[in-house]
Amino acid sequence: MIFNSNLNLLKAIGNTPCVKLENISKLTNHEVWAKLEFMNPGGSIKDRIAMYMVEKAEKEGKLKPGDTIIENSSGNTAMGLAIVCRQKGYKLKIVIRNTTSKEKIKMLEIMGVDVIKVEASLPPDHPDSYNNFASKLAANDPNVFYIDQHNNLDNNEAHYMSTGPEIWQQMNGRIDYFVAGVGTGGTCTGAGRYLKEKNPEIQVIGVDPVGSIFYDYFKTGKIVESSRYLIEGLGDEFLIKTAQLEMLDDMIQVTDKQAIENTFLLVAQEGILSGGSSGANIYGVLNLAKRLKEPSVICTVICDSGYKYLSTVYNDDWLTANSMI
Ligand code: PMP
């Protein structure tokens, strides 16, 4: 890398490589590319929104020196925020499900984050649930800013402003399909919206775990009852503002087992050690690839690093206990 006197940790967020998955391309007879988001300083795609949403709030006067930031996160937004808060001097409180991988929780604690674990099995409308507790903590405190990545459209805008343009440039405009799992939906719809503006022919395909409500809502307009699933970072139990499903061309549903199998396929075929949501994306790519008649160019996202899941996806005891092997 060339010397750059302005480079600091926040400026190292984004501009991740977009690489051709050589062996998966051969396997599918299509060109498959992947944006390596585990190469962000916090090890995931969520560094982008952490920085963008904090800086937007600063510009809008919603954050002032000494404030505390609060957020509910499956761990990656939390890690991005931990970095941004260390760099900028804010305090950080994170509400996280007690089923989140030990590694993610430990890393946040090492970063000095106030980590509040909530019982994952609480119904979504319970005041102490993952979905409600952070906003409850933030209510009526002028020294607290609630990021609210699930309803704050600055999340989608972060990807519209960075992930989308980077993919367009790195692919040199040669892209037919963009495939991405929907957690908040920021990545898929934010980057997807940018790509579609550049070329309306590009199809944007969301991936949703079985147990989440997004897929059924997209296909039928009906809200089904959610059920527990293992893949961290994808899906939800109710509709959220940032999941702008109406702009997707299609959605693909993935089981935990299919996502995990394809996480291992990504290791075996490409030497990429990712989290389970990236395996879900690879399942989405393979599922799509089978249906395509013309040779196509497909781009997806490797959302985070497998280092965050050594105690879960890469642990035989966990896989056995959850009937994954
Ligand atoms: N994978 C992982 C591991 C994540 O943490 C997230 C964020 N929830 C996603 C995928 C989905 O990204 P988005 O929230 O932008 O839909």
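FYI, the numbering just counts along the sequence from 1. Every number for a ligand or one of its atoms is a count from 1 in the order of the listing.
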Q.
So, applying side-chain hydrogen bond (donor to acceptor under 3.5 Å, both in side chains) with Thr189, which one of Thr184, Thr242, Asn156 is it?
A. Asn156
Please produce the table of protein N or O atoms sitting under 3.5 Å from N or O atoms belonging to ligand 1, one pair a line, distance to 0.1 Å.
from, atom 1, to, atom 2, distance (Å)
ligand 1, 1 (N), Ser277, OG, 2.6
ligand 1, 5 (O), Asn76, ND2, 3.0
ligand 1, 8 (N), Gly233, O, 2.9
ligand 1, 14 (O), Lys46, NZ, 2.7
ligand 1, 14 (O), Thr184, N, 2.8
ligand 1, 14 (O), Thr184, OG1, 2.6
ligand 1, 15 (O), Thr187, N, 2.9
ligand 1, 15 (O), Thr187, OG1, 2.6
ligand 1, 16 (O), Gly183, N, 2.8
ligand 1, 16 (O), Thr184, N, 3.2
ligand 1, 16 (O), Gly185, N, 2.8

Q) Is any NZ, NE, NH1 or NH2 atom of the basic residue among Asp250 and Arg291 found under 4.0 Å from an Asp or Glu carboxylate oxygen of the other? A) yes
Q) Quick one: do Lys62 and Asp67 make a salt bridge, cutoff under 4.0 Å? A) no
Q. Tell me, which pairs form a ring-ring contact (aromatic ring centres under 6.0 Å, His included) where one or both residues lie in residues 155-184, sequence neighbours left out?
A. Tyr160-Tyr194
Q) Between Val118, Leu108, Ile116, which is the residue that forms a side-chain contact (heavy atoms from CB on, under 4.5 Å) with Ile96? A) Leu108
Q) Nearest 0.5 Å, what's the CD1-CD distance between Ile282 and Glu261? A) 14.0 Å
